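Below is one structure, written out as structure tokens; comments come after it.
All ligand and atom numbering here is 1-based and tracks the order in the structure. The model shown is predicted, which means the values in this text are computed figures rather than measured ones.
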Amino acid sequence: MLHSARAVADSAAASLAADRQHILAGLTAPQKHLAPKYLYDERGSQLFDEICSLPEYYPTRTEVGLLRTYATAIAAFTGPRADVLELGAGSSLKARLLLGCLDRPASYVPVDISAAYLAQQAAEVAATFPRVTVLPVLADFTRPFALPETLTAERTLVFFPGSTIGNLSRVRAAELLSQLAERMRGGALLLGVDICKDAAVLHAAYNDSRGVTAAFNLNLLARLNRELDADFELDAFEHDAVYDQEHARIEMRLVSQREQAVNVGGISILFRKGEYIISEHSHKYAPDDLARIARAAGWHLGHCWIDDDARFSVQYLRAPAARNA
Ligand code: AVJ
């Protein structure tokens with residue numbers, strides 16, 4: 001049963017015009033930067049799905065393998081009639097895998113900022129699982145958002161796959177985990193996180209040979225042109241992704257190929273040759289490190305599954321017990 005998406009108070013999926021101030025602040029900062037959520041307009045979501053099936057991009061394949069292999073254990077941990085809340089849902093492929101292994105899940109609540117994509121994926125889940133109540137929520141999960149009243153914290157399994165948590169700084173990730181632990185008392189969290197590894201493997205995953213990641217990154221500039229009346233020349237910027245060992249994170253950049261001025265929403269932004277916009281950070285975690293952060297945030301470790309090549313981890317975490325009424 002599919003319910004229509006509930007738009008939240010913030011302008012999550014509206015055009016970038018509503019985020020003009022935030023974007024201009026990032027582009028006029030000494031180190032130019034843009035929040036990674038802006039990568040996901042409809043075209044961006046499609047390109048990201050294409051990235052997920054690239055030979056170099058191991059995270060999706062590895063995580064799906066872990067979810068398949070340990071489906072029975074995940075279902076046993078979760079129990080019957082769960083409400084599944086997915087943060088930054090994107091493609092419903094993993095959700096369908098999870099819902100398919102759980103014991104009569106009650107509802108599926110995908111939270112995403114990409115409106116059309118959210119609606120389409122929610123409809124697919126509803127068609128595959130007619131007995132599951134599907135309640136899409138159009139929201140940016142990094143900001144406060146309202147949840148359907150039908151959701152019971154104690155029965156909720158928060159599904160946060162794909163290492164999306166890696167987009168947040170370590171401090172912000174810890175904060176989000178604390179807020180979730182409090183909000184989901186009595187519930188659980190299934191968290192997929194990319195592991196720190198050889199820089200060459202990481203570099204290849206974010207600089208693929210077919211240039212899909214480059215197209216994904218450059219689409220951000222095309223989006224600014226479309227939605228903020230900017231005049232970025234796409235040929236004058238190049239994608240680059242570098243692994244920063246010290247912070248254990250990939251940094252995605254849009255590098256200006258020459259000195260130039262770009263007009264963005266009526267403001268002129270100057271670029272030196274070689275100057276870049278940081279469009280995304282993707283933090284990597286040693287599993288023990290992540291378990292420690294989750295524990296400090298109030299979660300209890302149920303289990304941590306890792307593939308044979310130690311590329312990706314899936315952790316099952318339990319929230320603190322519900323407070324007595
Ligand atoms: C969606 C944030 C998990 O960091 O690997 C993939 C996004 N960026 N290739 C990641 C991404 C470039 C992805 N996350």
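Proximity of Y40 to ligand 1, defined as any heavy-atom pair under 4.0 Å, is confined to the side chain (atoms from C-beta onward).
Aromatic ring orientation, H283 versus H281: perpendicular (interplanar angle above 60°, classes split at 30° and 60°). Below 30°, between 30° and 60°, or above 60°: for F48 and Y40 the angle between ring planes is above 60°, a perpendicular geometry.
Every atom of ligand 1 is numbered from 1 in the order shown, and the set under 4.0 Å from a heavy atom of G162 is 3 (C). Within ligand 1, counting atoms from 1 as listed, the ones closer than 4.0 Å to a heavy atom of N167 are 2 (C). The ligand atoms of ligand 1 that sit less than 4.0 angstrom from a heavy atom of F48 are 1 (C), 6 (C), 7 (C), 11 (C), 13 (C).
The protein atom (non-hydrogen) at minimum distance from atom 7 (C) of ligand 1 is E280 OE2, 3.2 Å. At the top of the distance list for atom 4 (O) of ligand 1, counting protein heavy atoms only, stands S282 OG, 2.6 Å. Given atom 13 (C) of ligand 1, the protein heavy atom at minimum distance is Y57 OH, 3.4 Å.
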Can you check side chain to side chain contact (heavy atoms under 4.5 Å, CB included) on D307 and T69, steps first, answer last?
CA-CA 10 Å; D307 62 294; T69 306; over 6 Å; no
Evaluate the salt bridge (charged side-chain N to carboxylate O under 4.0 Å, His left out) criterion for residues R81 and D103: first the C-alpha distance (whole Å), next the side-chain angles of each, then the deciding distance (0.1 Å), finally the verdict.
CA-CA 6 Å; R81 310 299 301 157; D103 179 8; over 6 Å; no
Would I23 and L228 satisfy side chain to side chain contact (heavy atoms under 4.5 Å, CB included), going step by step from the backbone distance to the final call?
CA-CA 10 Å; I23 288 165; L228 272 187; 3.9 Å; yes
Could you check L147 against R183 for side chain to side chain contact (heavy atoms under 4.5 Å, CB included), going step by step and ending with a plain yes or no?
CA-CA 11 Å; L147 284 173; R183 194 166 186 182; 3.7 Å; yes
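Checked by distance only, ligand 1 and T213 stay at 3.5 Å or farther apart across all their nitrogen or oxygen atoms. Polar contact check, S163 against ligand 1: no nitrogen or oxygen pair lies under 3.5 Å apart.
D194 has no carboxylate O lying under 4.0 Å from a charged side-chain N of R311, or vice versa, which leaves the two without a salt bridge.
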